[in-house]
J.: 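Following this message is one structure expressed as structure tokens.
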Amino acid sequence: MSPVRVIHASYVDVPATAMVSPEPIKLTAMEAQWVVVPVLQHVLLYEGEDLPHFNDVLQSLSSSAATLRSFAPLAGKLVHLEGTGDVAIVCSSSDGVGFIVAESDADIHRLAGDEEHDVRVLQRLAPEVDMGELPTPVLAVQATRFEGGVAVGVTVHHGVADGWSLWTFVEAWATACRGETRAATPCFDRSLVKLPGGQELARSFLRKYAPNLPKVCSLAPLLEDHARLTRRTFTLDARNIQRLKERIVRLGEAHGAAPPSTFIAVVALAWTCFARCKPFASDDDVMVGFLADARHCLEPPVDAGYFGACLTGCIASLPARELRDEHALAAAARAVQEEVRKKTEDPMAGCNFLAPAFTVALERLMNVSGASSFRAYELADFGWGRPRRTENTRMNRDGQVALMRARDGLGVQVSVSLLEPAQMAEFKSQLLELVG
């Protein structure tokens with residue numbers, strides 16, 4: 001029997017007063033590649049005796065449709081424009097967002113509190129959306145009832161939203177549920193993203209990675225057996241992070257190291273643990289890949305209110321032996337910082353972020369998603385408090401790490417996916433030793 005059962009499905013309509021774009025919103029080159037790795041999913045878990053009745057939760061979530069007045073394109077569909085070869089968002093006043101209601105007899109206290117993920121349940125708490133052929137919905141949401149708790153799951157097409165944009169929507173939705181008015185209005189105008197090659201660059205990526213549109217095939221190098229992966233979440237509190245930064249500075253004194261940002265320090269830590277928990281040869285190059293927000297790096301810069309996927313790919317590499325010696329954290333931090341510097345100066349250098357999937361040894365690549373600055377817990381208060389836990393449910397590769405700010409607003413949540421339980425145990429051991 002499935003641990004999560006769907007009991008109702010409906011649509012939340014776009015308000016009649018919404019501003020709907022009369023023209024298709026064509027994906028940029030920084031978005032087009034996501035057509036073949038489309039799913040961005042997060043689950044928010046709430047528990048406690050002071051939660052509203054589930055029917056009141058549903059009423060609040062669904063009646064806050066006013067949010068769609070500003071986010072109308074999210075109610076539309078992603079389509080293939082055969083005449084031009086583009087992929088675009090098309091939205092009309094008759095569109096709506098899929099809203100799934102479900103129930104589960106799983107133990108939400110354990111789901112929200114255990115270090116190890118119950119993947120079988122968590123993956124079913126976000127709505128399933130078939131994105132294997134266009135047109136496909138852009139957004140769907142799900143509310144699941146538990147004994148003593150509620151889960152809210154969000155599935156959005158990654159070609160339409162990066163992590164910053166996803167949490168912008170969640171914040172607006174939560175604000176509307178609390179009966180408050182959100183000050184900022186999102187901008188979906190792709191013409192603001194000025195990229196060399198323009199729309200033709202986007203079409204070239206589509207021809208390369210999705211040659212059979214409107215059918216979409218996942219990239220073979222990125223496929224993984226989700227059921228075989230072990231996933232755990234660790235939380236670094238503010239003291240852990242401060243000690244980590246101080247240790248990196250101390251180890252890097254010979255290079256005049258400045259205190260690293262929280263993101264760089266945590267990525268350096270996770271990368272070092274990854275290299276030490278895997279049986280790599282000492283001369284093997286071990287890589288870390290991550291995506292950096294390119295909004296402020298482009299010329300002209302793109303306003304922070306831009307809603308879309310605006311990311312540039314970064315990959316740093318060091319021999320395994322350097323990530324295992326006593327100065328590993330400092331070396332890792334320098335390498336990550338240098339990669340950030342290069343992509344800040346030239347964001348187009350990482351525009352084709354899928355290319356490394358075909359050119360590097362993926363078993364030696366740790367992939368980082370999210371950011372230590374994502375305020376997921378703070379933003380997702382729908383009127384009944386911060387979630388007890390939130391997780392990216394698409395931790396679909398060996399060596400994947402997902403970051404967000406911790407629930408207390410000070411630390412960092414680090415979720416890790418590895419193939420072997422013994423390697424996960426060693427990853428945890430190394431992490432505790434390095435921040436101790």
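Predicted model, so just to flag it, every value in this text is computed and none were measured. These values consider heavy atoms only, across backbone and side chains, with no hydrogens, waters or symmetry-generated copies.
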J.: Minimum heavy-atom separation for L362 and A357, please, with both atom names.
T.: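 Scanning both residues completely, I find the closest heavy atoms to be CD1-O, 3.9 Å.
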J.: Do K26 and Q199 touch side chain to side chain, with heavy atoms closer than 4.5 Å?
T.: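 Yes, at least one pair of side-chain atoms sits under 4.5 Å.
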J.: For the backbone of E116 and the side chain of R231, can you confirm whether one donor and one acceptor N or O come within less than 3.5 Å of each other?
T.: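 No, R231 side chain to E116 backbone: no donor-acceptor pair under 3.5 Å.
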J.: For T175, does its backbone N or O pair with a side-chain atom of E180 as donor and acceptor, under 3.5 Å?
T.: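 Pair absent, no side-chain N/O of E180 close to backbone of T175.
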J.: Does the side chain of L431 reach to within under 4.5 Å of the side chain of V416, using non-hydrogen atoms?
T.: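 Not in contact.
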J.: Quick check: does any side chain N or O of S417 sit under 3.5 Å from a backbone N or O of R397, one acting as donor and the other as acceptor?
T.: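 Yes; judged by distance alone, with no hydrogens or angles, the pair exists.
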J.: In sequence, state the C-alpha distance, the side-chain angles, and the governing distance for E338 and K342, and then conclude on salt bridge (Lys or Arg N to Asp or Glu O under 4.0 Å).
T.: CA-CA 6 Å; E338 177 61 13; K342 289 192 296 186; 5.2 Å; no
J.: Just wondering, do P24 and I89 contact through their side chains at under 4.5 Å, heavy atoms?
T.: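 A side-chain contact is absent here, since even the closest heavy-atom pair is not under 4.5 Å.
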J.: Show the nearest heavy-atom pair for residues F280 and V286, with the distance to one decimal.
T.: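 Of all heavy-atom pairs spanning F280 and V286, the closest is CD1-CG2, 3.5 Å.
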J.: So, do T312 and T344 sit near enough that their side-chain heavy atoms are less than 4.5 Å apart?
T.: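 Counting from C-beta outward, T312 and T344 never come under 4.5 Å.
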J.: Check the pair N352, Y209 against side-chain hydrogen bond (donor to acceptor under 3.5 Å, both in side chains), reporting the backbone distance first and the verdict last.
T.: CA-CA 11 Å; N352 187 3; Y209 296 119; 2.7 Å; yes
J.: If you round to the nearest 0.5 Å, how far is OG of S104 from CD of E147?
T.: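 The CD atom of E147 sits 11.0 Å away from the OG atom of S104.
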J.: Strictly by side-chain hydrogen bond (donor to acceptor under 3.5 Å, both in side chains), give each pair with a member in residues 149-163 just once, sequence neighbours left out.
T.: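 Found Q41-T155, D162-S165, D162-R295.
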J.: How long is the span from the SG atom in C310 to the CG atom in L291, to the nearest 0.5 Å?
T.: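 If we round to the nearest 0.5 Å, C310:SG and L291:CG are 11.5 Å apart.
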J.: At their closest point, which heavy atom of V90 faces which heavy atom of D95, and how far apart are they?
T.: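 Nearest pair, atom of V90 first, then D95: O-OD2, 4.0 Å.
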J.: Between V401 and N367, does the side-chain contact (heavy atoms from CB on, under 4.5 Å) criterion hold? Intermediate values first, please.
T.: CA-CA 6 Å; V401 173; N367 178 46; over 6 Å; no
J.: Just verifying a value: how many Å separate R341 CZ and C314 SG, rounded to the nearest 0.5 Å?
T.: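 If I round to the nearest 0.5 Å, the distance is 12.0 Å.
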J.: Name the residue from V156, L139, V154 that meets the side-chain contact (heavy atoms from CB on, under 4.5 Å) definition with L40.
T.: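 With L40 as partner, side-chain contact (heavy atoms from CB on, under 4.5 Å) holds for just one option, V156.
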J.: Which heavy-atom pair separates T67 from A172 by the least distance, and what is that distance?
T.: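 Closest approach of T67 to A172: OG1-O, 3.8 Å.
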J.: Taking the side chain as every heavy atom from C-beta outward, state whether V39 and V129 have any pair of such atoms under 4.5 Å apart.
T.: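 Counting from C-beta outward, V39 and V129 never come under 4.5 Å.
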J.: Step through the shown structure and confirm whether more than 12 heavy atoms of other residues, nucleotides or ligands are within 6.0 Å of CZ on F54.
T.: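 Yes.
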J.: Could you check L195 against M30 for side-chain contact (heavy atoms from CB on, under 4.5 Å), going step by step and ending with a plain yes or no?
T.: CA-CA 9 Å; L195 302 177; M30 287 185 168; 4.0 Å; yes
J.: Does any N or O in the side chain of T136 come within less than 3.5 Å of the main-chain N or O of D130, such that one atom is a donor and the other an acceptor?
T.: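 Side chain of T136 to backbone of D130: a pair is present.
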J.: Give the intermediate values and the outcome of ring-ring contact (aromatic ring centres under 6.0 Å, His included) for residues W34 and F205.
T.: CA-CA 10 Å; W34 290 111; F205 286 153; over 10 Å; no
J.: Side chains of M395 and S415: closer than 4.5 Å at any heavy-atom pair?
T.: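 Counting from C-beta outward, M395 and S415 do come under 4.5 Å.
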J.: Does W173 have its ring centroid less than 6.0 Å away from the ring centroid of F71?
T.: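 No, the ring centres sit 6.0 Å or more apart.
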J.: Just checking E133: does its CD atom have more than 12 heavy atoms from other residues, nucleotides or ligands closer to it than 6.0 angstrom?
T.: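 More than 12 heavy atoms, drawn from other residues, nucleotides or ligands, come within 6.0 Å of this atom.
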J.: Quick one: does any side-chain atom of D189 pair with a main-chain N or O of S191 as donor and acceptor, under 3.5 Å?
T.: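 Between the backbone of S191 and the side chain of D189 there is a qualifying donor-acceptor contact (under 3.5 Å).
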J.: Evaluate the side-chain proximity of C91 to V20: yes if any heavy-atom separation is below 4.5 Å, no if none is.
T.: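 Yes - at least one pair of side-chain heavy atoms lies under 4.5 Å apart.
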J.: Looking at A425, is its backbone amide N or carbonyl O close enough to the side chain of S429 to form a donor-acceptor pair, meaning the two atoms are under 3.5 Å apart?
T.: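 Here the side-chain-to-backbone pair does not exist.
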J.: D398 side chain to L419 main-chain N or O, any donor-acceptor pair under 3.5 Å?
T.: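 Yes: the side chain of D398 pairs with the backbone of L419.
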J.: So, for A72 and V14, which heavy atoms are closest and what is the spacing to 0.1 Å?
T.: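 Taking A72 first and V14 second, the nearest heavy atoms are CB-CG1, 4.2 Å.
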J.: May I have the list of side-chain donor-acceptor pairs in residues 383-390 shorter than 3.5 Å, sequence neighbours left out?
T.:
residue	atom	partner	partner atom	Å
R386	NH1	R407	O	2.9
R389	NE	E391	OE2	3.0
R389	NH1	L111	O	3.0
R389	NH1	D114	O	2.4
R389	NH2	D114	O	3.2
R389	NH2	H117	NE2	3.4
R389	NH2	T233	OG1	3.2
R389	NH2	E391	OE2	3.2
T390	OG1	V43	O	3.0

J.: Measure from the side-chain N and O atoms of E171 to the backbone N and O of T168, and report whether any donor-acceptor pair falls under 3.5 Å.
T.: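 Looks like no, no N/O pair under 3.5 Å.
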J.: Yes or no on side-chain hydrogen bond (donor to acceptor under 3.5 Å, both in side chains) for K278 and Q423, after CA distance, side-chain angles and deciding distance?
T.: CA-CA 7 Å; K278 293 281 190 176; Q423 293 174 3; 2.8 Å; yes
J.: Could you walk me through whether R178 and D381 satisfy the salt bridge (Lys or Arg N to Asp or Glu O under 4.0 Å) test, starting with their C-alpha distance in whole Å, then the side-chain angles of each, then the deciding distance to 0.1 Å, before giving a yes or no?
T.: CA-CA 8 Å; R178 297 195 306 269; D381 180 356; 5.1 Å; no
J.: Looking only at heavy atoms, what is the nearest atom pair of G85 and L206, with distance?
T.: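 Looking at all heavy atoms of both residues, the closest pair is O-CD1, 3.4 Å.
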J.: Is there a donor-acceptor pair under 3.5 Å between the side chain of R364 and the backbone N or O of D285?
T.: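 The answer is yes, because a donor-acceptor pair under 3.5 Å joins these two groups.
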J.: Where the side chain of K343 meets the backbone of G313, is there a donor-acceptor pair that is under 3.5 Å apart?
T.: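 Pair found, side chain donor or acceptor close to backbone of G313.
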J.: Holding to side-chain contact (heavy atoms from CB on, under 4.5 Å), I want the full list of residues that pass it with A332, two or more places apart in sequence or in another chain.
T.: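 Only A268, W271, T272, L323 meet the side-chain contact (heavy atoms from CB on, under 4.5 Å) criterion with A332.
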J.: Can the ring centres of F188 and Y306 be said to be less than 6.0 Å apart?
T.: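 Not close enough - the centres of the two rings lie 6.0 Å or further apart.
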J.: I want to check something: taking the side chain as every heavy atom from C-beta on, are E103 and V6 in contact at a cut-off of under 4.5 Å?
T.: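 E103 vs V6: side chains apart.
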J.: Looking at E200, I want to see if its CD is surrounded by more than 12 non-hydrogen atoms of other residues, nucleotides or ligands under 6.0 Å.
T.: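 Count over threshold, so yes.
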